[in-house]
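For reference, the structure discussed in these notes is given below.
Chain A is the first sequence line, chain B the second, and so forth, proteins listed ahead of strands; every chain is numbered from 1.
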Amino acid sequence: MNLHAIEKKWQKKWSESNVFKVKEDSKKKKYYVLEMFPYPSGSGLHMGHAFNYTIGDIYARFKRMNGFNVLYPMGYDSFGLPAENAAIKAGIHPKDYTNKAIANFIKQQKSLGLSYDWSRMISTCTPEYYKWNQYFFLKFMEKGLVYRKEASVNWCPKCKTVLANEQVHNGKCWRHKDTEVEQKELEQWFIKTTEYAEELLEDLEKIDWPERIKVMQRNWIGKSEGVILKFDVINEKGEKIDEISTFTTRADTVYGITYLVLAVEHPKVIEWTKGTKYEMKVKEFIKKVKKKSIIERTAEGKEKNGVFLGKYFINPFTGDKCPLWVADYVLYDYGTGAVMAVPTHDERDFQFAKKYDLPMKVVITPKNKKLKAHEMNHAYVEKGILINSGKFDGMENEEAKEKIIELAEKKGWGKKTITYKLKDWLISRQRYWGTPIPIIKCPECGIVPVPYKDLPVMLPHNVKFGEGNPLTTNKKFVKTKCPKCGRDAERETDTMDTFFDSSWYYLRYADNKNDKEPFDKKKVKYWLPVDQYIGGAEHACMHLIYARFFTKVLRDIGFIDFDEPFKKLFNQGMLHGDDGAVMSKSRGNVVLPEVISKKYGIDTARFFLISLASPDKDLRWSDEGIEGSYRFIKKIMKYFKNVKIGKSSKKIESKLNKTIKLVTEYIQEFKYNLASIRLREFFDSLKEEESKETLETFLKLLHPFCPHITEELWEKIGNKPFISLASWPQYDESKIDEKAEACDEFIENVRKDIHSVKNIIKLKKINEIKIIVAPKWKYVFFEKIKKILEKTRNVREILKELMKTELKTHGKEISKIVPNLVKNNNKIPKIILSQKTEVQALKENKEMLEKEFNAKIIIETTEESKELKAKQSNPNKPSIILK
RNA sequence: GUGGGGGUGCCGGAGCGGUCAAACGGGCAGGACUUAAGAUCCUGUGGCUUAGUGCCUUCGCGAGUUCGAAUCUCGUCCCCCACACCA
């Protein structure tokens with residue numbers, strides 16, 4: 001039977017027998033393995049996807065065999081722009097496009113042999129799912145976490161919709177790397193993710209995630225502790241006309257403030273200049289700045305521009321009067337949108353001050369040097385001692401910072417504050433293929449939430465694609481009655497960001513068919529949280545933040561009782577094509593699993609993918625490389641065809657137990673590549689006759705990687721299906737016999753030596769092989785060393801110990817060997833066999849060697865070193881003479 | 001610029017203080033089998049040597065710690081990835 005047929009056979013059997021279907025079982029420990037669910041793209045999946053899912057499948061199978069009740073589901077993130085765009089292009093309705101794509105995905109995934117519980121499948125574009133998006137939206141609203149606000153928002157001209165901050169990468173749309181995001185003033189729906197900023201940050205400590213993802217999230221949340229300072233704004237005559245606040249983390253530099261800058265978006269900029277001679281210039285400046293793209297405006301190191309506002313403020317610490325400016329380097333949506341400037345101790349302020357010739361005042365200086373403002377080329381940002389700072393002079397700046405904040409708070413000039421870079425989540429989208437936001441706009445009552453009983457708000461099928469938001473083109477959808485007053489009203493036509501869908505899907509798997517509630521709390525309590533999550537790093541600051549946020553909110557409104565959705569996270573590497581670039585349809589370097597499966601079998605492909613490299617690293621597909629795995633699989637098939645079931649040797653038992661130990665550890669730690677090597681090694685040592693147990697264990701160890709052929713062979717050696725449900729082998733430490741393995745290694749060395757001797761003297765045919773095992777005393781010597789080695793591996797100590805022993809009789813030899821030992825200390829073997837053991841091992845393997853070399857073997861032992869032609873210094877090797 | 005990860009033989013990639021001239025795979029070379037090819041199996045694959053011992057040079061480059069470094073420390077160069085005027 002060919003490999004392809006075997007795959008089909010077992011995939012069918014698994015499916016028919018519902019092997020991977022699970023339900024809650026309080027007697028069994030659960031384990032939840034989850035891969036980030038895919039967006040079902042029309043182009044189907046390639047080997048890169050196969051690699052992802054294989055990583056999870058191996059883990060799920062491993063845990064299942066280890067007795068866990070394993071939840072391993074699959075679903076589809078099926079709302080989203082690509083479907084809508086593809087639909088527009090090809091003239092198909094997004095729904096049809098998506099459903100077709102999903103059907104194709106399922107077919108492909110099944111043929112990879114993935115052990116999903118398909119009965120739990122979900123698709124986010126179905127009303128059965130998105131109903132609960134709407135439900136949660138309303139719950140969030142009740143909790144006060146949803147609001148509508150006009151704001152400057154990110155707009156992608158290609159997507160024709162607004163985007164959340166997380167979806168803007170380097171000023172460009174996350175879907176269109178070539179499209180600059182524009183800023184538009186629009187009224188939009190937001191979710192208060194910022195309310196959970198602190199917890200999102202703190203709880204990173206609780207979870208077992210790759211450090212780099214945690215770092216990325218920490219940076220994204222961007223906590224900084226500082227103080228908000230309030231300044232009196234005065235006009236040219238010195239009369240107080242207003243106040244302005246700034247945020248700073250460097251309260252220690254307040255005596256060095258020489259001016260203050262506002263962001264161009266700051267409303268005070270217009271307010272203060274209105275009707276003054278500065279108005280024109282300021283307006284012109286704002287216009288010019290707003291024209292620029294985000295990148296142009298915010299890239300670090302860009303030249304800074306600004307305009308004087310004609311107003312001043314008083315620095316309460318010094319009483320100084322300083323000018324107010326507007327500048328393009330100040331971010332409106334961070335802190336207060338205004339910055340106190342200390343040119344001598346902030347590089348940006350320094351550059352700005354130099355350019356516009358603003359005053360500078362040094363307030364911190366290194367201990368051994370006096371800084372002078374006019375001599376500086378850069379701002380001084382290191383630690384130092386305060387000067388020119390009134391009563392704080394001479395204080396270390398870190399200490400001064402605390403004291404100054406105290407003073408500011410006491411005097412009412414400022415307040416200790418924490419700010420975050422994290423912004424609220426903008427969730428409304430002006431596109432069709434998403435969850436309708438369940439809101440009705442009534443001219444009388446205003447914004448009215450759709451009552452729970454009216455959910456779901458169905459996404460209408462008939463809309464016109466093209467200009468603007470397609471939902472507005474369906475009058476039947478838009479026109480409705482106000483649930484409060486019953487008058488004519490209109491529906492919200494914005495849909496939700498699809499990241500809303502993916503923020504809770506992992507909960508729905510626990511109870512995917514529930515139509516009364518989003519999920520049964522008891523079921524979720526049993527299965528959740530996810531024990532092992534698997535996915536790429538690209539979601540570090542998007543999905544992985546939203547999902548964590550969602551979890552915390554659901555906990556607070558009483559749906560769940562845990563804090564973090566994903567206890568452990570594994571980031572797999574990216575699969576690259578033969579050309580070295582990331583495998584993708586657009587690159588044209590994709591390898592299709594079905595093609596490989598036909599030629600080599602999918603087990604071969606799976607084994608190849610995981611043996612290439614550690615799965616957390618990027619790897620490169622190679623058409624040649626897979627041949628090696630193919631050979632291995634074929635060898636296994638052939639071996640099982642011919643193997644005699646009988647008894648296994650002690651040596652094999654030892655190896656087997658060691659292999660169990662190692663492979664188990666390797667899989668546990670996602671070191672699949674090392675597991676594959678160990679399996680190969682072990683397989684190579686199998687003999688023509690082995691015990692059933694040995695063979696079974698080997699198949700079990702191989703099963704997570706190659707599920708199909710192992711099922712087949714499992715059956716072939718007389719077992720009932722399914723190996724998928726068999727229990728993982730346990731190793732017996734006492735059966736691991738290092739000595740037996742050392743013997744094996746010894747024989748292997750002898751074999752290699754015979755080969756090299758044969759090569760060197762270029763003997764084609766050998767009649768006789770004489771193996772002379774070294775003199776006895778050396779073994780005595782090594783026995784001693786061995787004893788010492790048990791105590792220490794430190795060479796110096798070994799030597800010390802050796803001096804104490806009574807090896808005087810062999811003083812000469814020792815004097816030769818010991819320096820050698822010291823020089824090549826790496827040559828100290830871990831296990832030293834005795835002469836007797838070696839001879840015994842040789843005798844046992846005599847027949848095998850004779851057969852291989854087709855020669856007679858003579859084994860000799862000797863007490864005399866002379867006979868060995870003197871030079872030999874490594875007594876751990878026998879001498880070999882060929883005839 | 002900041003943070004994270006890397007640089008290993010012809011190639012992919014293990015190893016992360018001693019059994020390291022470096023796992024495992026690929027490639028290449030030689031041999032066995034075969035009429036031949038393929039498949040399969042065996043051997044070799046840094047250099048010099050050579051009755052197997054041994055010696056030299058190698059894990060980006062330079063220095064150091066150690067009896068001993070691919071592995072630890074410092075410096076340096078290069079590559080990748082993320083963040084990017086966050087006050």
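You'll find that the side chain of A:V339 is closest to B:A87, out of B:A84, B:A23, B:A87. Nearest nucleotide to the side chain of A:R631, out of B:C83, B:G4, B:G27: B:G27. Closest to the A:A613 side chain, of the nucleotides B:G26, B:A87, B:A14, is B:A14. Closest to the side chain of A:I677, from the set B:G26, B:A87, B:C24, is B:C24. Counting only heavy atoms from C-beta on, A:K634 has its side chain closest to B:U40 among B:A14, B:U40, B:C85. When distances are taken from the side chain of A:R751 to each of B:C85, B:C42, B:A14, the shortest belongs to B:C42. When distances are taken from the side chain of A:R212 to each of B:C41, B:G4, B:G27, the shortest belongs to B:G4.
Among the heavy atoms of the strands, none lies under 4.0 Å from A:T246. In this structure, A:L674 reaches the sugar-phosphate backbone alone: every heavy-atom distance under 4.0 Å involves primed, P, OP1 or OP2 atoms, never a base. A:R620 comes within 4.0 angstrom of nothing in the nucleic acid, heavy atoms only. Among the protein residues, A:L331 comes within range of the nucleic acid bases, having at least one heavy atom under 4.0 Å from a base atom. A:T249 comes within 4.0 angstrom of the backbone, heavy atoms only, and of no base. Within the 4.0 angstrom heavy-atom criterion, base atoms lie near A:V330. Counting non-hydrogen atoms under 4.0 angstrom, A:V215 reaches the backbone sugars and phosphates but no base. Nucleic acid contact for A:R678: none, since no nucleic acid atom lies under 4.0 Å from a heavy atom of the residue. When heavy atoms are screened at a 4.0 angstrom cut-off, A:E347 is found touching no nucleic acid atom at all. Among the protein residues, A:R218 comes within range of no part of the nucleic acid, since none of its heavy atoms lies under 4.0 Å from any strand. A:S622 comes within 4.0 angstrom of no nucleic acid atom, judged by non-hydrogen atoms across all strands.
For B:A29, the paired nucleotide is B:U43, the pair qualifying as Watson-Crick or G-U wobble because both relevant distances are below 3.5 Å. Across every strand in view, B:C24 sits in a pair with B:G12 that passes the Watson-Crick or G-U test at under 3.5 angstrom.
Between A:R218 and A:E211 a salt bridge is recorded (basic side-chain N to carboxylate O distance below 4.0 Å).
Classified by interplanar angle (parallel below 30°, tilted 30° to 60°, perpendicular above 60°), the ring pair A:W621/A:F608 is perpendicular.
Straight-line distance from the CH2 atom of A:W220 to the P atom of B:C86: 15 Å, rounded to whole Å.
For A:D252 (side chain) and A:E398 (main-chain N/O), no donor-acceptor pair under 3.5 Å exists by modelled atom type.
Comparing the C1' positions of B:G1 and B:U71 gives an interatomic distance of 31 Å, to the nearest angstrom.
Heavy-atom nearest nucleotides on RNA chain B were determined for A:K635 and for A:E624, and the one closer to the 5' end corresponds to A:E624.
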